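Notes to accompany the following structure.
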Amino acid sequence: GVKVKDAKCSNSVRIASLLWYDALLAGGHDPGTVLRTSSLGPTNRDPPRMAQTPSSMVPLGTPMPAFELKTAEGIAYTSTSLSGPNGLLVIFLCNHCPFVVHLADALGELGDEFRDLGLGIVGITSNDVTNRAADAPEHMPAFAAAHGIGFPYLFDPTQQVARSFNATCTPDFFLYDNTHRLVYRGQFDDTRPGDNATVTGSDLRNAMHALCQQSSINPKQIPSMGC
């Protein structure tokens with residue numbers, strides 16, 4: 001989930017899985033392809049499974065916590081300044097998680113699509129960088145640029161903002177209307193790393209379009225899944 005300083009992972013398999021995926025990504029490999037084709041040594045055992053943490057599914061109608069955070073370059077944003085006439089999408093993400101990398105290009109496209117539709121978008125990384133150096137602020141601009149992410153990408157150094165949202169995984173999506181009430185929390189779509197399906201963002205995108213059109217949003221929502 002979102003890694004905070006007081007969080008301790010008791011599952012050694014989970015740690016091994018994340019380290020394995022970090023190594024694959026650092027080497028330029030596609031984790032999904034390796035999962036389907038590789039073996040680990042002479043025992044031909046399956047590779048470690050990715051740790052999967054679901055979103056907490058905060059009750060719909062919950063008010064958006066107020067926050068003020070900065071980009072890696074030191075530009076400050078508030079929850080109020082980020083909001084558009086139709087509301088605000090808050091995305092908790094990070095640079096290293098395979099679930100984020102899986103849909104990062106689509107997040108960039110989402111930002112382009114809604115830029116002129118009156119709906120603000122912001123990304124927030126809250127991982128403890130002492131445990132995840134790849135998520136440190138100095139790496140955030142390059143990650144955003146590599147995936148065409150043009151919306152503000154903010155750093156939550158104390159993890160307090162993540163706690164206030166009850167964010168539990170990356171990616172974790174929180175969509176608020178223009179009264180700052182939660183109208184959608186859940187998955188981007190039903191694709192996952194390594195499944196070869198086209199990432200569409202249909203679940204979240206449909207909710208965002210409905211919000212911009214002042215239409216009803218289906219309350220039956222599927223949790224996001226991530227690191």
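Since the structure is predicted, the reported quantities are computational estimates derived from the model, not experimental observations.
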Inset, instruction - Applying side-chain contact (heavy atoms from CB on, under 4.5 Å), run through I124 and V161 and close with a yes or a no. - result: CA-CA 9 Å; I124 299 174; V161 173; 4.1 Å; yes
Side-chain touch [X]/[Y], heavy atoms, less than 4.5 angstrom:
X	Y	value
K70	Y77	no
L182	L175	no
L110	L89	yes
Q221	Y184	yes
N86	F114	no
V199	H102	yes
L88	M64	yes
P223	Q187	no

Tell me the closest heavy-atom pair linking [X] and [Y], and the distance in Å.
X	Y	value
D128	Q159	CA-NE2, 3.9 Å
D156	S126	OD2-OG, 2.8 Å
P157	L69	CD-CD2, 4.4 Å
L211	Y176	CD2-O, 3.6 Å
L103	P171	CD2-CG, 4.1 Å
A136	N95	O-ND2, 4.2 Å

Inset, instruction - Run the numbers on R192 and D195 for salt bridge (Lys or Arg N to Asp or Glu O under 4.0 Å), then give the verdict. - result: CA-CA 6 Å; R192 299 292 183 264; D195 64 9; over 6 Å; no
Legend entry - From CA spacing to verdict: ring-ring contact (aromatic ring centres under 6.0 Å, His included), F143, H139: CA-CA 6 Å; F143 178 86; H139 303 302; over 10 Å; no
Output the distance between atom [atom1] ([X]) and atom [atom2] ([Y]), rounded to the nearest 0.5 Å.
X	Y	atom1	atom2	answer
F67	L154	CZ	CG	6.5 Å
L107	I121	CG	CD1	8.5 Å
N206	N218	CG	CG	10.0 Å
S216	Q213	OG	CD	10.5 Å
T71	E73	OG1	CD	4.0 Å
L93	F99	CG	CZ	14.5 Å

Inset, instruction - Using the rule that two of Ile, Leu, Val, Met, Phe, Trp, Tyr join whenever any of their side-chain heavy atoms come within less than 4.5 Å, decide whether F188 and M57 are in one cluster. - result: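 Looking at the clustering, M57 is in a separate group from F188.
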Legend entry - ILVMFWY cluster, I222 and M208 together (side-chain gap under 4.5 Å): no
Inset, instruction - Let me see the working for F151 and D112 under side-chain contact (heavy atoms from CB on, under 4.5 Å), right down to the final yes or no. - result: CA-CA 9 Å; F151 51 78; D112 293 340; over 6 Å; no
Check: [X]/[Y] side-chain N/O donor and acceptor closer than 3.5 Å:
X	Y	result
T125	D135	no
H147	E109	no
S81	T78	yes

Inset, instruction - Output, in order, the C-alpha distance, side-chain angles, deciding distance and verdict of side-chain contact (heavy atoms from CB on, under 4.5 Å) for T62 and L60. - result: CA-CA 6 Å; T62 298; L60 296 174; over 6 Å; no
Inset, instruction - Mark yes when over 12 heavy atoms from residues, nucleotides or ligands other than Q214 sit less than 6.0 Å from its CD; otherwise mark no. - result: no
Inset, instruction - Apply side chain to side chain donor-acceptor pair (under 3.5 Å) to D189 and S202, showing your working. - result: CA-CA 5 Å; D189 58 24; S202 56; 5.4 Å; no
Inset, instruction - Give a yes or no on whether the ring-centroid distance for F165 and F92 is below 6.0 angstrom. - result: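 So the answer is yes for these two rings.
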Please check this pair: side chain of [X] against backbone of [Y], looking for a donor-acceptor N/O pair closer than 3.5 Å.
X	Y	result
R185	F173	no
S56	N166	yes
T168	P54	yes

Inset, instruction - Kindly confirm or rule out an SG-SG distance below 2.5 Å between C227 and C169. - result: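 The answer is no, since C169 and C227 keep their SG atoms 2.5 Å or more apart.
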Inset, instruction - Please step through side-chain contact (heavy atoms from CB on, under 4.5 Å) for the pair I91 and D172, ending with a clear verdict. - result: CA-CA 6 Å; I91 311 170; D172 213 354; over 6 Å; no
